[in-house]
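All of these numbers come straight from a predicted model, not from anything done at the bench.
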Amino acid sequence: MTRLASAVFACLFATSAMALAAGGSDGNTTSPATQSCKKGEVWNKTKKKCVKATSGALDDEELYQQGRALAREGHYDWAIEVLALVQNQQDPRVLNYTGYSHRKAGRLDIGITYYRRALAIDPNFNLAREYLGEGYIAAGRVDLAMNELAAIARSCGTGCEEYKALATAISAVN
């Protein structure tokens with residue numbers, strides 16, 4: 001690789017890492033981990049390189065952000081590995097994306113368990129309610145999904161993204 005190409009590549013990684021640190025996006029942003037790191041590694045923005053995914057390799061927020069990005073990009077088992085490294089396993093966001101990864105990987109019952117754990121900690125965590133509702137739909141329990149939709153409506157109304165997404169998912173099966 002030429003020096004120019006290496007510089008461009010490094011710049012792209014830095015930009016992606018900053019986006020992840022700022023909370024990421026729900027768009028098509030790719031995480032540095034999935035761009036260059038091998039499975040079992042995470043992107044260390046300070047060192048500007050991939051490091052072995054171990055407890056303490058990054059702080060909890062960075063591990064969460066990279067686990068979330070991996071999950072949203074479809075790397076479910078890798079996301080679970082990264083999220084398992086977060087020290088605070090009672091963080092509802094970590095529980096939510098661990099559940100999401102399990103559900104999307106076909107382990108529906110495990111995913112639902114994680115969503116319920118997240119909601120036991122934060123009953124107003126509407127994203128977990130949306131994903132739990134989607135899990136219920138996948139399990140053929142639209143009635144339970146409707147309960148989650150009603151809870152989201154009570155929490156943030158019918159105009160919030162979580163309500164709209166779950167309502168759309170429910171209407172697709174009815």
Distance in Å, [X] [atom1] paired with [Y] [atom2], rounded so as to fall on 0.5 Å steps:
| X | Y | atom1 | atom2 | result |
| --- | --- | --- | --- | --- |
| Leu132 | Tyr114 | CG | OH | 15.0 Å |
| Thr113 | Arg117 | OG1 | CZ | 8.5 Å |
| Leu95 | Asp122 | CG | CG | 11.0 Å |
| Leu83 | Tyr64 | CG | OH | 8.5 Å |
| Trp43 | Lys48 | CH2 | NZ | 8.5 Å |
| Asn126 | Asn124 | CG | CG | 6.5 Å |

Would a hydrophobic clustering, with Ile, Leu, Val, Met, Phe, Trp and Tyr connected at side-chain separations under 4.5 Å, put [X] with [Y]?
| X | Y | answer |
| --- | --- | --- |
| Leu108 | Leu166 | no |
| Val142 | Tyr136 | no |
| Ile137 | Ile152 | yes |
| Val86 | Leu58 | yes |

### Message
Parallel, tilted or perpendicular: which one describes the rings of Tyr100 and Tyr131, with boundaries at 30° and 60°?
### Response
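Answer is tilted, since the angle falls between 30° and 60°.
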### Message
Using salt bridge (charged side-chain N to carboxylate O under 4.0 Å, His left out), reason through Arg141 and Glu148 one step at a time and then give a plain yes or no.
### Response
CA-CA 11 Å; Arg141 295 296 312 266; Glu148 297 308 319; over 6 Å; no
Might you point out which heavy atoms bring [X] and [Y] nearest each other, and give the distance in Å?
| X | Y | result |
| --- | --- | --- |
| Ala167 | Leu149 | N-CD1, 3.8 Å |
| Cys156 | Glu162 | SG-OE1, 4.5 Å |
| Leu127 | Tyr97 | CD2-OH, 3.7 Å |
| Glu134 | Ala169 | CG-CB, 4.4 Å |
| Lys39 | Asp77 | NZ-CB, 3.9 Å |
| Ala128 | Ala118 | CB-CB, 4.3 Å |

### Query
Are the side chains of Glu61 and Arg93 in touch, meaning some heavy atoms are under 4.5 Å apart?
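Side chain of Glu61 against side chain of Arg93, heavy atoms only: contact under 4.5 Å found.
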### Task
State, with a plain yes or no, whether a side-chain heavy atom of Glu81 is found less than 4.5 Å away from one of Leu85.
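Glu81 does not reach Leu85 side chain to side chain.
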### Query
Can you find a side-chain donor-acceptor pair between Arg107 and Tyr76 that sits under 3.5 Å?
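Not at all, the side chains of Arg107 and Tyr76 share no donor-acceptor pair under 3.5 Å.
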[X] side chain to [Y] backbone, donor-acceptor under 3.5 Å:
| X | Y | value |
| --- | --- | --- |
| Ser155 | Ala151 | no |
| Arg129 | Pro123 | yes |
| Asp60 | Gln87 | yes |
| Glu130 | Tyr163 | no |

### Message
Go through it in stages, so that I can follow the logic: the residues are Ile112 and Arg116, the test is side chain to side chain contact (heavy atoms under 4.5 Å, CB included), and I'd like the CA-CA distance, side-chain angles, deciding distance and then a yes or no.
### Response
CA-CA 6 Å; Ile112 287 173; Arg116 287 180 179 158; 3.7 Å; yes
### Message
Let's go through Val82 and Leu70 carefully: what are the C-alpha distance in whole Å and the side-chain angles of both, what is the deciding distance for side chain to side chain contact (heavy atoms under 4.5 Å, CB included) to 0.1 Å, and is it a yes or a no?
### Response
CA-CA 9 Å; Val82 171; Leu70 288 164; 3.7 Å; yes
